[in-house]
Amino acid sequence: MTEQPDFSIRIDQNKYLPQGGREVHAIVTVESTGAPVGVATGTGASAAEVIIIDTSGSMDYPRNKMTSAVKAAQAAVDTLRDGVNFAVVSGSSRAKMVYPQAEELVPANAQTRAEAKAALSRLKATGGTAMGAWLTLAGRLFAGHPDGIRHAILLTDGKNQHESPEQLDAAIAQVVGRFVCDCRGVGTDWEVAELRKVASALLGSLDMVASPEALEADFRAMTEAAMGKAVADVALRVWTPQFAKLRFVKQVLPTVEDLTGRRTDVDERSGDYPLGAWGSESRDYHICVEVPAGEVGREMRAAWVKLMLGDQVVASGNVLAEWTDDEAQSTRINPKVAHYTGQAELAENIQVGLQARKDGDLDTATARLGRAVALAHQSGNEAIASLLGKVVDVDDPATGRVRLKKDVDKADEMSLDTRSTKTVRTRRGEG
């Protein structure tokens, strides 16, 4: 068995443009298969894990919140493979080491797991919330392990009240690219937008755990997923020809994530976009390129997409453009492009609609959430449709005619917001 997965790239697009047409859209499907089970290689290094638990005073109310968080962290420690370097951090108004006591990572084995779980059992909830300090400590811990899989879990139950937004932004910027961070909010007193900012910048997932009792299974699943990664720091390299402009690069599956602003220039015409760590999985990306208009019959390469593992090209594909005077060809929209355009619009409408509802702008909220219902119906995104149904009464899902519910459980509203960017691959009725 090889030490790294086998990667492939597939391009879905309609390459035909009308006379004068300039905008080329394509869905790039990246798939990795055959990753070795239980081995994390990433440039020959092992894996590293940091578990960050909110221990602010609010975690003590209700009492089962702190107890459940400790059990969840202990389950994550138990899930670590032998040899994985790890640490546990307590987060309140400042960040403190839970295990080990020194500011370092230690290899997982029977002894260190037992010691870490014992240290976790002694945690007490006290103090405030300063997530930037927590991330900064995690960054220092990972600094001694620059290669391989670097993964963190961050759990919080509250708002970042003991730092300014600028301090949190600065801390996030300092650790971008140094590790992937999956974020979880427990209860309903935390800010979705705040935690989304952390997860998005650090290429991790975001979810809500409404019930503290569900934390243990969630932490175990996150750690198992991290242990299943085989390579770190994969990048999508996009080359565009002279006079072309790359308008955007977005991940559209499994979640909507705009990568456009994360480009690292390779040369005048190429740039790398970070994709994080990979195991055996498949993700989709939407690329849009603006090219100079060509004459009818001319074909050109609008973009050359390469998947990079370090300096190694592990897969590649071409995005093409060809000008035609055949209206049937040039007006045909690729189903995948249309589908993911709708999924991105779905996420935007949910987030804008919920904010409008919070601000008391009920007309905008109704219009936006109604449009979201229609898009969820069209795409077959049943999970999002179900969550929308807890916020609005749906009169006609096809047209998006809805009425705002008067009384909405805050957990339902936050769950919809948190999961608004989760997408599905196929539209209803497609193969």
Side-chain angles (χ1 to χ4, degrees), residues 1-13 15 24-37 39-45 47 146-151 176-180 200 202-205 225-226 228-241 244 246-289 301-321 334 336-337 340 423 425:
M1 185 177 285
T2 59
E3 285 193 343
Q4 66 185 46
D6 294 321
F7 284 94
S8 64
I9 281 180
R10 185 177 74 250
I11 308 290
D12 284 282
Q13 67 163 137
K15 69 176 182 177
V24 183
H25 290 264
I27 300 299
V28 179
T29 298
V30 178
E31 188 169 12
S32 58
T33 57
V37 177
V39 177
T41 59
T43 66
D147 298 319
I149 309 302
R150 304 174 303 282
H151 178 257
V176 164
R178 294 169 68 177
F179 58 93
V180 170
S200 175
L202 301 183
L203 300 177
S205 65
K229 302 298 183 184
V231 290
D233 302 324
V234 177
L236 195 68
R237 180 168 294 177
V238 184
W239 171 95
T240 50
L246 189 57
R247 296 185 62 85
F248 62 76
V249 176
K250 297 178 182 178
Q251 177 181 283
V252 288
L253 187 94
T255 58
V256 176
E257 194 64 61
D258 194 343
L259 303 178
T260 311
R262 304 185 193 183
R263 177 187 176 101
T264 300
D265 287 334
V266 176
D267 53 42
E268 188 179 351
R269 298 184 188 174
S270 303
D272 284 353
Y273 299 84
L275 307 187
W278 283 67
S280 289
E281 57 191 293
S282 178
R283 306 180 199 172
D284 288 349
Y285 300 89
H286 185 176
I287 290 179
C288 176
V289 185
R301 179 159 62 182
W304 187 10
V305 181
K306 303 177 184 178
L307 199 68
M308 307 299 298
L309 184 55
D311 295 328
Q312 179 186 4
V313 180
V314 292
S316 64
N318 289 309
V319 177
L320 303 175
N334 179 271
K336 276 197 171 183
V337 171
Y340 285 127
T423 55
R425 172 154 276 158

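Predicted model only: the values in this text are computed from it and were never measured.
In this structure, Arg150 contributes its side chain and Gly148 its backbone to a donor-acceptor pair below 3.5 Å. At least one donor-acceptor pair closer than 3.5 Å links the side chain of Glu281 to the backbone N or O of Gly279. Side-chain atoms of Thr240 never come within 3.5 Å of backbone atoms of Ala303 as a donor-acceptor pair (strictly under, hydrogens ignored). Side-chain N or O atoms of Asp258 include one that pairs as donor or acceptor with a backbone N or O of Thr260 at under 3.5 Å. No donor-acceptor pair closer than 3.5 Å links the side chain of Ser316 to the backbone N or O of Val305.
Classification of the His25-His286 ring pair by plane angle, with boundaries at 30° and 60°, yields tilted.
Using a 4.0 Å cut-off between charged side-chain N and carboxylate O, Arg263 and Asp265 make a salt bridge. A salt bridge links Arg237 and Asp272; the closest N-O separation between the charged side-chain nitrogens and carboxylate oxygens is under 4.0 Å.
When every heavy atom of Val231 is checked against every heavy atom of Pro5, the shortest pair comes out as CG1-CD, 3.8 Å. Nearest approach of Ala277 to Ile149, heavy atoms of both residues: CB-CD1, 4.0 Å. Closest heavy-atom contact between Ala302 and Pro241: O-CD, 3.2 Å. Residues Leu320 and Val24 come closest through the heavy atom pair O-CG1, 3.6 Å. When all heavy atoms are compared, the tightest approach of Leu275 to Leu307 is CD1-CD1, 3.7 Å.
Here CG of Asn318 is found 11.0 Å from NZ of Lys15. Values are rounded to the nearest 0.5 Å. Put simply, CD1 on Ile287 and CG on Leu236 are 5.5 Å apart, with the number rounded to the nearest 0.5 Å. One distance of note links OG of Ser205 with CD of Glu257; it measures 11.0 Å at 0.5 Å rounding. Note that OH of Tyr340 is 3.5 Å distant from CG of Asp284, once rounded to the nearest 0.5 Å. Summarising the geometry, atom CZ belonging to Phe7 is positioned 6.5 Å from atom CG belonging to Leu309; distances are rounded to the nearest 0.5 Å. A distance of 3.5 Å separates CZ in Arg425 from OG in Ser282, rounded to the nearest 0.5 Å.
A side chain to side chain contact (heavy atoms under 4.5 Å, CB included) with Lys336 holds for exactly one of Val252, Thr29, Leu253; it is Thr29. None of Ile11, Ile27, Val238 except one satisfies the side chain to side chain contact (heavy atoms under 4.5 Å, CB included) rule with Val319; the exception is Ile11.
Counting only N and O atoms by type, the side chains of Ser200 and Arg262 include a donor and acceptor under 3.5 Å apart.
Both cation-pi conditions hold for Arg301 and Trp239: the charged atom is under 6.0 angstrom from the six-membered ring centre and inside a 45 degree cone around its axis.
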Do Asp12 and Val337 pass the side chain to side chain contact (heavy atoms under 4.5 Å, CB included) test, and can you show the C-alpha distance, the side-chain angles, and the key distance before you say yes or no?
-> CA-CA 8 Å; Asp12 284 282; Val337 171; over 6 Å; no
Dump the intermediate steps for side chain to side chain contact (heavy atoms under 4.5 Å, CB included) on Gln251 and Tyr273, then the final yes or no.
-> CA-CA 10 Å; Gln251 177 181 283; Tyr273 299 84; over 6 Å; no
Check against side chain to side chain contact (heavy atoms under 4.5 Å, CB included), Lys229 and Val234 = CA-CA 11 Å; Lys229 302 298 183 184; Val234 177; over 6 Å; no
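Using a 4.5 Å heavy-atom cutoff, the side chains of Val176 and Leu202 are in contact. Annotation: side chain of Val313 is in contact with side chain of Met308 (closest heavy-atom distance under 4.5 Å). Side-chain contact between Leu246 and Val289: present, with at least one pair of heavy atoms (C-beta onward) separated by less than 4.5 Å.
Heavy-atom contacts from other residues, nucleotides or ligands closer than 6.0 Å to CD of Gln312 number more than 12.
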